[in-house]
Amino acid sequence: MPKVHVQTNINGTDMDFLCEARQSLLEVLRDVLGMTGTKEGCNDGNCGACTVILDGRIVDSCCVLGVEAQGRTITTIEGVASPEGLHPLQQAFLEEAALQCGICTPGFIVAAKSLLDREPDADEGRIRHWLAGNLCRCTGYDKIIRAVLSAEDIAAGRGDRSAASTGAGAGAADQRDVYND
Amino acid sequence: MATTADRDAAAQGKFRVLGTRPVRHDGIEKVTGAARYGADMLLPGTLHGKVLRSPYAHARIRSIDTSKAEAMPGVRAVATSADFPIIQNREVNFAQSLQNPRLMAENDLADKKVLYKGHAVAAVVATSPHEAEEALNLIEVDYEVLPTVLGWREAMKENPVLLHDTLTERMTVSRADPGEDTGKPGNVASHLQLKLGDVEQGFSEADVIIEREYNTQTVHQGYIEPFACTAQWMPEGRLTIWTSTQGIFGVRGNVAAILDIPESMIKVVPMEIGGGFGGKGTGYLEPVAAVLSRKTGQPVKMVMSRKEVFEGTGPSSGSFIRCKIGAKNDGTFTAAQLYMVYEAGAYPGSPMAGGATSGLSAYKLEHALVDGYDVVCNKPKTAAYRAPGHPQVCFAVESCIDELAQMLDMDPMDLRIKNVAQEGDRATTGVPHAHVGLREVMEAIKAHPHYNAPLGGPNRARGVATGYRLNGGGSGSSATINVLANGTVNVTTGSMDLSGTRVAVAMQVAEVLGLSAEDVTPQVVDTDSVGWTGGSGGSRITFDTGRAAIAAAQLAIDQMRDRAALLWELEQDDVEFVDGNFVSKKNPEDRFTFRELAGRLMATGGPVTCSAMDTQGGVGGALAGNIFDVEVDPETGKVDIIRATAFLDIGQAAHPSYVEGQMQGGTLQGIGWALNEEYFFSEDGVMANSSLLDYRMPTTLDLPMIDCEIIEYANPRHPYGLRGAGEHPIIAPLPALGNAVSRAINQRVYTLPITPGSVLESINERDANGS
């Protein structure tokens with residue numbers, strides 16, 4: 001099958017690659033470029049494990065064709081940390097134990113990053129809505145949500161407001177608002 | 001980076017390291033995308049394999065013609081069951097073992113029959129996955145389609161269609177017993193009967209008797225990472241398999257049996273595992289990839305699609321359970337009886353026995369009778385799923401108890417506490433309970449602020465339940481300690497880390513050696529590099545592998561005492577290890593910190609390396625529980641969870657955050673099982689919802705925060721009192737949610753999942769009965 005030449009920018013670096021027209025962006029990232037941090041969980045846009053940021057919007061890279069990357073800007077999990085250190089989300093996921101098996105973690109971190117990039121003070125309800133396209137089967141989401149809230153504080157240089165969150169905590173709060181948000 | 005350990009260390013009394021919350025050692029790789037999972041492996045020259053799967057739920061294979069596929073450009077080889085030596089060498093023998101390798105081979109590539117939609121039939125290897133997939137369409141299989149035996153009802157009716165011509169029912173009286181062949185042909189593989197006392201007498205002593213029937217559906221573990229492996233079989237040489245599995249030694253054993261080669265010819269390398277929950281204890285692709293690699297002389301990688309995961313790998317059993325309990329007016333149970341049918345899927349081996357032994361065992365019963373049936377039908381062969389077999393039976397028993405409490409006008413926890421089994425009381429297996437914190441968990445639930453908090457709105461109710469797992473398991477673990485010259489330590493194990501067990505094991509080593517968790521580097525290695533270790537399942541890694549690592553660390557201390565003795569010209573007995581220091585008993589001024597002595601090992605005889613194996617097993621039973629507040633929309637039947645609290649007796653938490661994580665994650669899976677998840681089958685056995693859109697697992701929007709109450713009732717079988725955490729939390733959410741919804745709509749729920757449609761039906765039924 002003939003290959004298409006695609007020029008794009010991934011994690012701040014101009015890159016080009018050859019891909020078949022039928023290959024998804026996820027396949028290109030993983031199999032052509034060797035960037036396996038982006039994960040495949042379902043290959044039909046229902047789990048969010050392959051989330052990347054494409055021109056500022058989060059997409060399931062399994063549902064984007066590789067050729068559609070032409071002239072676009074892409075951020076993957078490999079571009080979230082900098083040489084200076086981890087992103088506040090990565091730091092918070094570690095400190096809050098917001099991962100178990102870790103396969104969904106890159107997708108969650110990339111999706112949450114795109115939220116915090118535009119809404120640095122998103123509340124719990126907003127975070128739950130934003131991350132509803134990312135499935136996690138290990139954590140029950142509790143520690144993931146707390147980690148995103150904690151990352152907001154780290155990024156803003158505020159004290160860690162999640163201190164009450166590591167154990168039995170804010171249980172009395174009625175979570176109903178989340179559903180109506 | 002600051003660690004959460006700092007936050008909790010001050011609160012610690014008993015231990016220095018256990019009970020704190022250090023950052024996991026494998027964390028940075030996992031938050032940056034650097035960690036390598038099953039599908040992230042790509043060797044130079046790798047070919048890609050794909051599996052052809054049966055479109056029918058039940059059919060005889062008349063012939064398979066692979067010639068067109070083999071001729072397709074890009075295709076390098078095709079495999080069928082004819083390539084598995086065991087299919088040729090050995091007859092099927094159901095009596096031999098429910099896990100016999102011949103049947104495993106047939107599940108990996110069907111032999112003469114396909115037994116479920118999605119059953120693997122053949123495999124193609126090509127230069128790209130797309131080419132391999134295209135070539136599957138060129139394989140011609142001639143099927144003789146047979147009637148579908150879709151569930152236990154059809155399977156157990158008179159003169160049923162048979163899945164296996166030679167299957168006969170086995171009668172057993174204990175879980176470990178292979179039992180006796182009754183010679184009765186059918187789809188019932190085994191009947192387990194457990195008896196305590198005389199139930200008829202027990203029921204005759206009752207003031208009130210309740211008997212109800214419960215149904216649960218086939219559900220999947222739902223791990224986010226599909227199965228993936230790479231095999232490289234060197235010509236005339238060894239076979240190496242890189243795979244995402246819960247047990248590398250299990251894969252080695254199974255592949256050796258199916259391919260009829262010695263285990264010494266195989267090396268299994270663990271990749272990171274993206275969730276398993278029991279479902280990745282069994283491999284499917286490895287022997288197929290191995291055969292394809294042998295045929296091509298190149299590495300072969302195989303990755304399942306999500307649809308293949310649903311249709312071609314083991315879910316947990318659908319079940320039918322009849323539960324009967326007799327009680328005095330004061331709530332004292334006089335007898336209990338269970339009739340339980342578990343669907344095994346295509347081959348025998350449902351988790352019925354796990355449910356049968358645990359279902360009633362949290363309660364003190366003079367008289368009990370349990371009859372469990374393992375029944376084959378045309379669904380995927382079931383696999384383990386977190387406390388295998390327990391959620392189903394617990395849904396029945398704990399729903400029945402809740403309804404009984406309402407009949408007796410008793411508080412549901414009071415009724416449980418009144419009947420709770422104590423140390424020395426016999427479980428349904430007849431074996432007396434060891435030291436288990438059953439009452440402690442029940443009392444913690446009742447004492448929790450959530451238990452009596454206001455519900456805060458109409459159409460709301462609270463449900464509670466407990467979930468017991470009688471866990472005798474534990475197959476053995478090995479661990480090696482290497483002391484480094486800078487006073488840090490590496491601990492090497494063969495236990496795949498599904499959930500943070502590396503850090504939990506490292507913390508135990510740190511506790512022994514007087515080090516910090518960060519000073520201990522845990523690593524999980526391949527089958528050539530560590531002693532035999534059973535799979536990561538049965539809530540046993542922090543417990544079993546922890547115990548092996550503790551033993552290895554203690555050996556290291558003894559060796560280092562020798563070195564200190566050498567330097568001080570004393571005997572080993574003259575050196576003690578106190579608070580992380582080696583101290584001379586003769587002259588207390590003489591002391592080395594661990595680090596100081598580690599720096600002198602090379603000068604005193606060389607490095608210290610110690611290995612230990614723990615084969616004692618027996619992590620022991622434990623109780624979990626949940627309280628849920630729900631709100632039911634009377635117009636749509638939708639159930640919202642307003643508040644959730646989880647309880648677990650963990651003995652002693654190694655890393656409380658990861659214990660909470662197990663509790664919260666188990667609760668999520670239990671919620672899915674109770675409210676959303678099920679396999680929908682067409683009449684001819686085709687799964688209609690084989691995507692993560694239609695098989696709907698809970699999302700961030702479906703759940704509230706899940707509060708955790710960790711109960712620490714020390715386990716005498718572990719030096720630091722640890723119990724397992726992995727499985728128990730999934731059990732109680734099923735009945736707790738059933739009880740909550742039943743109380744909210746004032747009509748009992750007997751069938752899972754509790755979908756909006758089923759809730760509306762229950763409401764209509766209630767209104768029709770005028771209750």
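Each chain gets a letter, A, B and so on, in the order its sequence line appears, and its residues count up from 1. Bear in mind the structure is a predicted one, so any value in this text is a computation, not a measurement. Worth knowing before you read on, the calculation uses all heavy atoms, side chains too, and leaves out hydrogens, waters and symmetry mates.
Distance check: B:R24 CZ to A:L94 CG gives 9.0 Å after rounding to the nearest 0.5 Å. The NE2 atom of B:H130 sits 6.0 Å away from atom CD of A:E20, with the distance rounded to the nearest 0.5 Å. The OG1 atom of B:T699 sits 9.0 Å away from atom NE2 of A:H129, with the distance rounded to the nearest 0.5 Å. Note that SG of A:C104 is 16.0 Å distant from OH of B:Y223, once rounded to the nearest 0.5 Å. Separation of atoms CD1 (B:I224) and SG (A:C138) is listed at 8.0 Å; rounding is to 0.5 Å. In this structure, B:Q664 CD and A:I144 CD1 are separated by 10.0 Å, a value rounded to the nearest 0.5 Å.
In the displayed structure, A:R118 atom CZ is contacted under 6.0 Å by more than 12 heavy atoms of other residues, nucleotides or ligands.
Only the side chain of A:D44 comes within contact range of chain B, with at least one heavy atom under 4.5 Å from a heavy atom of that chain. Only the backbone of B:Q221 has a heavy atom closer than 4.5 Å to any heavy atom of chain A. With a 4.5 Å cut-off on non-hydrogen atoms, B:A39 touches chain A through its backbone and its side chain both. In this structure, the portions of A:A132 lying under 4.5 Å from any heavy atom of chain B include both its backbone and its side chain. In this structure, chain B has a heavy atom under 4.5 Å from the side chain of A:I109, while its backbone stays farther away. For B:L693, the parts lying near chain A are the backbone and the side chain together; criterion is any non-hydrogen pair under 4.5 Å.
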Could you walk me through whether A:K39 and B:E272 satisfy the salt bridge (charged side-chain N to carboxylate O under 4.0 Å, His left out) test, starting with their C-alpha distance in whole Å, then the side-chain angles of each, then the deciding distance to 0.1 Å, before giving a yes or no?
CA-CA 12 Å; A:K39 302 302 179 190; B:E272 292 298 331; over 6 Å; no

Would A:L135 and B:L692 satisfy side chain to side chain contact (heavy atoms under 4.5 Å, CB included), going step by step from the backbone distance to the final call?
CA-CA 9 Å; A:L135 290 176; B:L692 288 174; 4.0 Å; yes

Between B:T32 and A:E78, is a side chain to side chain contact (heavy atoms under 4.5 Å, CB included) present by the stated rule, with each step listed?
CA-CA 6 Å; B:T32 54; A:E78 288 91 348; over 6 Å; no

After noting the C-alpha distance and the side-chain angles of B:E660 and A:R146, does the key distance pass the salt bridge (charged side-chain N to carboxylate O under 4.0 Å, His left out) rule?
CA-CA 13 Å; B:E660 290 158 9; A:R146 293 182 197 279; over 6 Å; no

Please step through side chain to side chain contact (heavy atoms under 4.5 Å, CB included) for the pair A:Q100 and B:Q662, ending with a clear verdict.
CA-CA 9 Å; A:Q100 285 178 35; B:Q662 290 297 317; 3.3 Å; yes

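Between A:E95 and B:R21, every side-chain heavy-atom pair lies at or beyond the 4.5 Å cut-off. Inter-residue side-chain proximity for B:R306 and A:N46 is flagged as unmet; no heavy-atom pair is nearer than 4.5 Å.
Looking at A:D142, its side chain does come within 3.5 Å of a backbone N or O of B:I706 through a donor-acceptor pair. Checked by atom type and distance alone, the side chain of A:R137 never pairs as donor or acceptor with a backbone atom of B:Q669 at under 3.5 Å. Between the side chain of A:R128 and the backbone N or O of B:L701 there is no donor-acceptor pair closer than 3.5 Å.
The candidate from A:M1, A:E27, A:Q23 with the greatest count of non-hydrogen atom pairs under 4.5 Å with chain B is A:E27. Comparing B:V303, B:T501, B:V31, B:L668 by heavy-atom pairs within less than 4.5 Å of chain A, the highest count is held by B:V31. When each of A:N43, A:L99, A:D31 is checked for heavy-atom pairs under 4.5 Å with chain B, A:L99 comes out on top. Chain B forms more heavy-atom pairs under 4.5 Å with one residue of A:G41, A:A49, A:G133 than with any other, namely A:G41. Ranked by heavy-atom pairs shorter than 4.5 Å toward chain B, the options A:T105, A:I145, A:T139 are led by A:T139.
Closest of all the heavy-atom pairs between B:Y37 and A:G102 is OH-C, 3.1 Å. Nearest heavy-atom pair, B:G33 versus A:P106, reported as atom, atom and distance to 0.1 Å: CA-CG, 4.4 Å. Shortest non-hydrogen contact noted between B:S128 and A:R22 is OG-NH2, 4.4 Å.
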